[in-house]
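In what follows, a structure is listed as structure tokens, so that the remarks can point back to it.
Heavy-atom basis, side chains included; hydrogens, waters and symmetry copies ignored. For reference, positions follow the sequence shown, starting with 1.
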Amino acid sequence: MHAATFKLPLCASLLLSAATSLAADDRIDLKRITPVAPTEEIPVADFFRPAMLQEPKLNPSGTHIAAIITAAEDRHQLLVYELKTQKVEIVGGPGDSDVSQVNWLNDRRLVYQLSKNKLYGIGLFAADVGSLDESYPLLQYYGSSLVGIPTDNRLRPLVWNRWDGIQLQRDLGVAEVDTDIHSTGKAVNLIAAGADWSGAMDARANNERHIDDRYPLPEQGTGVGYLADKNGRLAFAYAAVAGQTVLERLVAGHWEKCPINLDHTTIVACGNEPGQLVALGPSVDGKPRPLQFLDAATGKFGDILLPEKAFDFTGWVYRDPVSHDIIGAMSQRSGPHAAWFTDLYANLQKILNGYFPGLYVQIVGSNEAQNLFLVAAYSDRQPVKYSWIDLEKHTGGLIKESAPWIDPKRMQPESVFKFKTRDGRALEGYLTLPAGASRKNPPPLVVVPHGGPWVRDYWGYNGESEFLASRGYAVLRPSYRGTLGCGWMFPEEDEYDFRKMHDDVTDATKALVATGLVDATRVAIMGGSFGGYLALSGVVNEPALYRCAVTISGVFDWEQLIQDKKSDYNHFGSPEFAFLVRKLGDPKKQREKFDQIAPVRHVNQVRVPVFVSHGGYDPIADIGQSTRLISELEKNHVVHESLIVREETHGMAHLTNDVELYSRIERFLATNLAPLPPQAAAGGAP
């Protein structure tokens, strides 16, 4: 196999087609798509710029590639590339809007989502190859998301709709959407000002309970999600009932509850047969949970698809592009792992591994003939780069690197760091050390617990870690008992034991400090969302361990969060209030517990500086969590800084705000992790 000459001509002028306010900001040079000189400090923006190209997908016959590209500031647009002629088409919404979730319906037609200001969805759009600039809306202001593309009628996809107003989500069920332009109305030129979108269904004008009677709402509770079978037909619904999620299956036009306890079962996807799922069941004999088949009608588990030795299965399945049967499973262990159930793909994986030495290679997709493949290759130092492989012609070539401005030679490797919790459990984290670090020259440390908490960090290139490492900091991203894949190790009640999660992070930090690889007198803790909670909890409960803390979009009082959700529940029917009460408890009956897990109530114990950041339109953790924290910091005379951006969401979605945030964090850490005088250093951190 040899490299071909073909490359997508995604030049800078193509990707940066519009002038933006960033041009006036000399910290952000988006015209440059090559690394800065080795003698220059890497700009903050380079670590956080959105990927130049992502999510490439082949149409069924393999004649065209669709992908999301970055244009202007950090706007995402749709690109379609014809392989034979190398013709490029690009389309995007007007102003501050972004394209996402692109899917081929057939060889010529696509559907995609369009969002505005990175805050809310405008709707679902369709486009045809050759006339992308005449994209037309199908559904507007419904909070729509694609459920499935029926193989027997691909031009009528199934879409889940939620009427989204201010603090309002209401299940409108699944609708079959006609993408035929003659049925939906007049085509719309998205680039033109004042476009007429009246041809689409508009939730503001159709504020009814249900929009498609062919697909009923769940029999019980409120629908919180839907699942199509392997052929794209509606098969399952998730419904929230009294704080518990139940699974229902569609039988002869109505829903029947499945005898499956979703507290102990994790659904991954539909299986190969009608009524079949692939899922993770309860842990047996304290062992990791494998991926296996599950009969939805009986609740009985069947054959194991992929066994696991150290982690619960965490990942997704890969389907044959024609039969849609499961032919592979991608799992996340200490690092990524591909398991194939057919010789074709197992052998192809071996070939690809040799073609991209030193990189992990993931098969992204193929045409239906399975002779043309798209692959992604990456490492802990190399951001993902996309390539094509033609098995018949034995050729291949690069499509595009996602971040060509990053020089892998200047990035630092990420290693697995193992530690034990105080109750004897073995957990892992990811450790990145800056250049020149050694026991003789130990660097300062920034501990970055992930959010969620029921998610996980992954091995691979991480812009935040590399940014901190480039500034001279070691970075530890520890797992804890809420981390996805680690649940089998702990009793069920630990899944919501936030204090024990804090203790796990403390144990990881102390274990790393004990190695001598980092400076024990210069340790900070930083996190976003639940990681922000853990950051504040760290400096409240471990005053001698950390020199400072950074919180981004955090939750600091769970009773306050529950009360916020209760208000939503009373007015709009949100199921989150009952769920939180069932899992965490009733604040009125368990005051001591909720007081213990509310670090904002104990700010008087904080002895180190705190940086607080939040977005004004955060739908997950209300900005009131951070404004209250700032008030308590002021009241208790704790040194602090803050960055509140009213137009932002959960974290900083706009690049300019992200750069401002991390520039401020850089200065904050430089000030508060400066070397201590020899006398103070001898006593450890203050």
Side-chain angles (χ1 to χ4, degrees), residues 8 10 14-15 17 50-60 63-72 74-82 88-150 154-162 164 174-181 183-192 195 197 199-203 228 232 364-365 374 386 653:
L8 289 183
L10 304 184
L14 183 68
L15 294 175
S17 57
M52 179 173 282
L53 183 142
Q54 56 188 314
E55 301 179 31
K57 294 179 180 178
L58 277 167
N59 65 348
T63 60
H64 292 75
I65 297 174
I68 295 173
I69 62 170
T70 300
D74 51 349
R75 291 175 54 211
H76 293 85
Q77 297 184 338
L78 167 62
L79 172 141
V80 173
Y81 179 83
E82 186 174 4
V88 171
E89 284 188 277
I90 297 175
V91 70
D96 184 9
S97 56
D98 293 279
V99 170
S100 63
Q101 300 178 31
V102 176
N103 287 277
W104 288 101
L105 297 183
N106 59 19
D107 277 339
R108 306 294 299 178
R109 184 166 297 169
L110 310 98
V111 290
Y112 62 87
Q113 299 283 348
L114 193 65
S115 62
K116 186 72 173 177
N117 298 332
K118 306 190 188 301
L119 292 172
Y120 58 90
I122 294 175
L124 182 71
F125 287 72
D128 288 336
V129 172
S131 56
L132 291 190
D133 60 347
E134 294 184 350
S135 295
Y136 47 98
L138 304 171
L139 290 163
Q140 292 187 94
Y141 310 109
Y142 272 109
S144 306
S145 57
L146 189 67
V147 173
I149 301 172
R154 295 185 62 90
L155 296 183
R156 300 181 73 93
L158 301 182
V159 180
W160 177 35
N161 304 281
R162 293 158 293 165
D164 283 359
V174 172
E176 182 182 291
V177 181
D178 185 0
T179 67
D180 189 333
I181 189 171
S183 300
T184 56
K186 180 182 177 182
V188 177
N189 187 331
L190 292 181
I191 308 303
W197 292 359
M201 287 194 289
D202 190 330
V364 174
L374 299 183
Y386 296 101

Residue pair D128, R109: steps toward the salt bridge (Lys or Arg N to Asp or Glu O under 4.0 Å) verdict: CA-CA 4 Å; D128 288 336; R109 184 166 297 169; 2.7 Å; yes
Between H76 and I69, does a side-chain contact (heavy atoms from CB on, under 4.5 Å) hold up when you go through it step by step? CA-CA 6 Å; H76 293 85; I69 62 170; over 6 Å; no
Walk me through it: do L114 and V99 pass the test side-chain contact (heavy atoms from CB on, under 4.5 Å)? CA-CA 5 Å; L114 193 65; V99 170; 3.8 Å; yes
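Side chain of E89 to main chain of S131: a donor-acceptor pair is present (N/O by atom type, distance under 3.5 Å, no hydrogens or angles). Although no hydrogens or angles enter the test, the distance criterion places no donor-acceptor pair under 3.5 Å between the side chain of Y112 and the main chain of Q77. The backbone N or O of L155 lies less than 3.5 Å from a partner atom in the side chain of T179, making a donor-acceptor pair. For the pair W104 (side chain) and K57 (backbone), a donor-acceptor distance under 3.5 Å is present. No side-chain donor-acceptor contact under 3.5 Å links S97 to the backbone of K116.
Taking 4.5 Å as the limit, every side-chain heavy atom of Y386 sits out of range of all side-chain heavy atoms of I65. Side-chain contact between V111 and L105: present, with at least one pair of heavy atoms (C-beta onward) separated by less than 4.5 Å. Between E55 and V102, the closest side-chain pair of non-hydrogen atoms is not below 4.5 Å. Residues L124 and Q113 meet the side-chain proximity criterion, which asks for heavy atoms closer than 4.5 Å. Within the 4.5 Å cutoff, the side chain of L110 has heavy atoms near those of the L132 side chain.
A salt bridge does not link D98 to R75: none of the charged side-chain nitrogens sits closer than 4.0 Å to a carboxylate oxygen.
Taking R108 as the reference, H64, N106, V129 meet the side-chain contact (heavy atoms from CB on, under 4.5 Å) condition, with sequence neighbours excluded. With sequence neighbours left out, S145 forms a side-chain contact (heavy atoms from CB on, under 4.5 Å) with W160, R162.
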